[in-house]
Peer 1: 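My questions will all concern the structure given below.
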Amino acid sequence: MTQDELKKAAALAALDYIEDGSIVGVGTGSTVNHFIDGLASVRARIRGAVSSSEASSKRLAALGIPVFDLNDIDRIPVYVDGADEIDGSFAMIKGGGGALTREKIVAAVSERFICICDASKRVPTLGHFPLPVEVIPMARSHVTRELARLGGEPRLRAGFVTDNGNLILDVHGLTISDPVDTETRINQIVGVVTNGLFARRGADLLLLAGKAGVERIP
Ligand code: 5RP
């Protein structure tokens with residue numbers, strides 16, 4: 001199976017966890033795109049979705065799935081999203097697609113985070129994938145210096161502006177032995193909007209697609 005076929009298998013497995021009549025939290029990325037396509041086939045069973053990006057909102061709307069403003073919703077039983085890396089404690093690096101801030105907001109409101117991944121995303125220690133950090137533009141140089149002091153090598157994502165009008169610094173070379181601590185420290189830097197470590201609120205269930213099928217962990 002190709003990596004994209006594995007992503008699709010993980011994404012379609014997530015449909016088993018959708019509550020009838022509910023609002024579904026929807027992440028961003030190529031794995032989630034398969035989930036959105038699958039969600040269209042069961043759209044009569046749900047009220048609609050809350051989306052984590054303009055790209056996902058557009059895809060949902062094109063498939064006839066109502067997209068709600070998060071501020072009008074008080075309950076999201078399930079949030080489905082991919083990851084760039086996920087470790088054994090279900091802490092993740094996310095934000096390869098630059099949607100980390102809205103992803104973290106929707107995840108924070110959701111009761112259950114279901115992570116959908118192909119097997120290549122499972123790692124023993126986070127940090128090989130550069131950690132995305134969303135930054136207010138005027139703070140770019142300050143945040144770059146502070147991230148370097150933490151031992152990373154921040155690189156500006158060229159030509160990219162987030163849905164919130166901000167910049168992304170991709171931090172290479174960080175040793176993330178304590179993801180909760182690193183997430184907390186980076187969030188303390190003035191000018192940082194969010195960082196792509198999802199450790200304080202990690203995933204609750206991992207649907208991991210490999211050669212032998214989709215593993216549902218735990
Ligand atoms: C977007 C994300 C994605 O979940 C992450 O980048 C994985 O993407 P893909 O499913 O395309 O491999 O965090 O901001």
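Just so you know, ligand 1 is whichever comes first in the structure, and atom 1 is the first atom listed for that ligand. Everything numeric in this text was worked out from a predicted model, so none of it was measured. We use all heavy atoms of the structure for the numbers below, so side chains are in, but hydrogens, waters and symmetry mates are not.
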Peer 1: Using side chain to side chain contact (heavy atoms under 4.5 Å, CB included) as the criterion, point out the one residue from Val171, Thr194, Leu147 that pairs with Ile186.
Peer 2: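 Going through the options one by one, the only one that passes is Leu147.
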Peer 1: At less than 4.0 angstrom from any atom of ligand 1, which residues have a non-hydrogen atom? List them by chain and residue number.
Peer 2: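 Ligand 1 is contacted, at a heavy-atom distance under 4.0 Å, by Lys7, Thr28, Gly29, Ser30, Thr31, Asp81, Gly82, Ala83, Asp84, Lys94, Gly95, Gly96, Gly97, Gly98, Ala99, Glu103, Lys121.
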Peer 1: Report the residues that fulfil salt bridge (charged side-chain N to carboxylate O under 4.0 Å, His left out) with Asp204, sequence neighbours left out, ordered by chain and then residue number.
Peer 2: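 Only Arg201 meet the salt bridge (charged side-chain N to carboxylate O under 4.0 Å, His left out) criterion with Asp204.
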Peer 1: Is the charged tip of Arg47 near the ring of Phe68: under 6.0 Å from the six-membered ring centre and within 45° of its axis?
Peer 2: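 Geometry flag: set, cation within 6.0 Å and 45°.
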Peer 1: Return yes when atom CZ of Arg185 has more than 12 non-hydrogen atoms of other residues, nucleotides or ligands closer than 6.0 Å, and no otherwise.
Peer 2: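 Result for CZ/Arg185: open.
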Peer 1: Do other residues, nucleotides or ligands put more than 12 heavy atoms under 6.0 Å from the NE2 atom of His172?
Peer 2: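 Yes, because the 6.0 Å sphere around NE2 of His172 holds more than 12 heavy atoms from other groups.
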Peer 1: For a salt bridge (charged side-chain N to carboxylate O under 4.0 Å, His left out) check, start with the C-alpha distance between Asp16 and Arg216, then their side-chain angles and the critical distance, and finish with the verdict.
Peer 2: CA-CA 11 Å; Asp16 294 348; Arg216 297 167 195 245; 3.0 Å; yes
